[in-house]
Amino acid sequence: MKSLFLLLSAMVVSVCLSGCTLLAIADAAGSAVVYGVKTTVNVLDAVTPDIVNKKKD
């Protein structure tokens, strides 16, 4: 009975840790995409400021 409990608890811990790792990877990938888009917008704004920031007359 004790070995079955240890086996089940090891499996639960393993699943939880892999889930946390997956969430951390997804968070890092999402952050990279957001910063990539922000960098692209900033570069476009620097190259063509009159198109991105239209002046109101």
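Quick note: numbers below take in every heavy atom, side chains included, and nothing from hydrogens, waters or symmetry partners.
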Item to check | Point-to-point distance, once rounded to the nearest 0.5 Å, from CG of L44 to OG1 of T39 | outcome: 11.0 Å
Next on the checklist: Under the rule for side-chain contact (heavy atoms from CB on, under 4.5 Å), what residues qualify as partners of V34, not counting sequence neighbours?
Outcome noted: K38
Identify each donor-acceptor pair in which a side-chain atom of residues 4-11 lies under 3.5 Å from a protein atom, sequence neighbours left out, and give them as a table.
from, atom 1, to, atom 2, distance (Å)
S9, OG, F5, O, 3.1
S9, OG, L6, O, 2.9

